[in-house]
Amino acid sequence: MAFDYPSAWSVQDPAGELPEGGGAFAEVTNEAGRPLATLRTNMATGSICTEKYPFSEFESQELPALARNGDVPRYVFETRGDASTPGPADTPAAAYGITTVEAPPGDSACPIFHFFTWPPTAAMFGAFYSPDNNRTPGGESLPYLEQARKYMDTTEYQNIRRMITSLRPAG
């Protein structure tokens with residue numbers, strides 16, 4: 001797999017122990033060394049949805065270059081939880097990345113699960129929004145989910161989105 005990223009950013013590959021059977025594990029950091037996204041392949045997937053949370057999708061874009069067996073992944077920036085109903089682990093959550101999970105009908109969804117089909121099993125490329133890593137100018141005093149929405153207006157976020165949506169098979 002290959003992707004484009006700003007020249008001032010760095011990619012550490014491998015960024016840790018590789019899964020059994022090989023695969024990729026890369027971490028992308030900005031010029032200050034803050035982690036912005038992780039790419040992993042050969043991931044074990046599977047989850048059971050036992051609880052749903054308020055759901056919002058800031059944006060979504062299909063990625064046909066990554067289609068496998070009729071599944072067309074999409075880039076999403078989405079949230080779980082809100083001011084009145086916390087998300088998983090009693091914390092509102094926002095994350096950006098690639099998923100083959102369709103947007104849920106209605107206004108509630110299972111916890112965020114950003115994986116997409118990639119040989120031999122699955123892959124992930126994205127991250128949870130973290131005010132410590134994803135600095136949001138002027139957002140420091142805002143609630144978490146408002147900071148996440150405001151982060152979309154930053155050049156850094158636009159670069160992250162371009163990087164993740166540029167992912168393609170190598171060669």
Side-chain angles (χ1 to χ4, degrees), residues 1-19 22-45 55-69 71-80 92-103 109 111-140 142 144-171:
M1 300 177 95
F3 58 91
D4 306 319
Y5 57 94
S7 60
W9 292 4
S10 299
V11 176
Q12 181 181 349
D13 183 18
E17 188 174 330
L18 296 176
F25 179 15
E27 181 179 67
V28 180
T29 56
N30 67 8
E31 55 276 353
R34 291 189 315 272
L36 300 178
T38 302
L39 170 66
R40 288 180 178 243
T41 64
N42 199 17
M43 299 291 300
T45 63
F55 158 80
S56 178
E57 192 171 86
F58 293 156
E59 68 176 322
S60 176
Q61 174 187 339
E62 284 194 347
L63 303 173
L66 300 177
R68 293 279 181 267
N69 304 322
D71 289 331
V72 179
R74 60 194 182 95
Y75 170 83
V76 295
F77 190 7
E78 61 184 336
T79 68
R80 298 295 185 277
Y96 47 82
I98 300 173
T99 185
T100 51
V101 177
E102 293 184 24
I112 294 173
F113 191 65
H114 286 172
F115 288 96
F116 60 100
T117 304
W118 195 259
T121 54
M124 55 101 30
F125 193 20
F128 276 90
Y129 169 79
S130 165
D132 292 336
N133 295 329
N134 308 107
R135 302 283 167 82
T136 308
E140 298 82 5
L142 296 174
Y144 172 85
L145 293 177
E146 288 180 40
Q147 286 184 47
R149 184 179 298 279
K150 186 172 180 57
Y151 184 64
M152 290 176 58
D153 297 331
T154 67
T155 300
E156 183 176 87
Y157 173 76
Q158 295 303 317
N159 285 333
I160 289 169
R161 188 168 77 56
R162 268 192 295 281
M163 174 185 69
I164 293 173
T165 60
S166 77
L167 188 66
R168 61 203 175 269

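Along the sequence shown, the residues carry numbers beginning at 1.
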Minimal non-hydrogen separation, [X] against [Y], with atom names:
X	Y	answer
A26	V11	CB-CG1, 3.9 Å
T41	A24	OG1-N, 2.7 Å
P169	R68	CG-NH2, 4.1 Å
T99	F113	OG1-O, 3.4 Å
P131	Y144	CD-CE1, 3.9 Å

What I'd like to find out is whether the side chain of [X] reaches to under 4.5 Å of the side chain of [Y], using heavy atoms alone.
X	Y	value
M1	W118	yes
S56	R149	yes
I112	F128	yes
T38	V28	no

Problem set entry | Steps toward side-chain contact (heavy atoms from CB on, under 4.5 Å) verdict (W9, T29) | CA-CA 6 Å; W9 292 4; T29 56; over 6 Å; no
Exercise. Okay, side chain of Q158, backbone of M152: is any donor-acceptor separation there less than 3.5 Å?
Worked result: yes
For this session: Go through the structure and list residues passing side-chain hydrogen bond (donor to acceptor under 3.5 Å, both in side chains) with R74, not counting sequence neighbours.
Result: E57, S60
Problem set entry | F58 and Y96 aromatic centres sub-6.0 Å | no
Problem set entry | Ring-ring centroid check F125 F3, cutoff 6.0 Å | yes
Distance in Å, [X] [atom1] paired with [Y] [atom2], rounded so as to fall on 0.5 Å steps:
X	Y	atom1	atom2	answer
E140	Q147	CD	CD	7.0 Å
D4	L167	CG	CG	10.0 Å
L36	R34	CG	CZ	7.0 Å
T121	N42	OG1	CG	4.5 Å
E156	N134	CD	CG	6.0 Å
H114	T100	NE2	OG1	10.5 Å

For this session: Give a yes or no on this: more than 12 heavy atoms of other residues, nucleotides or ligands lie within 6.0 Å of atom CD of E102.
Result: no
Problem set entry | Worked verdict on L63 versus F116 for side-chain contact (heavy atoms from CB on, under 4.5 Å) | CA-CA 11 Å; L63 303 173; F116 60 100; over 6 Å; no
For this session: Walk me through it: do S10 and Y5 pass the test side chain to side chain donor-acceptor pair (under 3.5 Å)?
Result: CA-CA 9 Å; S10 299; Y5 57 94; over 6 Å; no
For this session: Verify side-chain contact (heavy atoms from CB on, under 4.5 Å) between I160 and F77, making sure each step is shown before the conclusion.
Result: CA-CA 11 Å; I160 289 169; F77 190 7; over 6 Å; no
For this session: Could you check F25 against L39 for side-chain contact (heavy atoms from CB on, under 4.5 Å), going step by step and ending with a plain yes or no?
Result: CA-CA 6 Å; F25 179 15; L39 170 66; over 6 Å; no
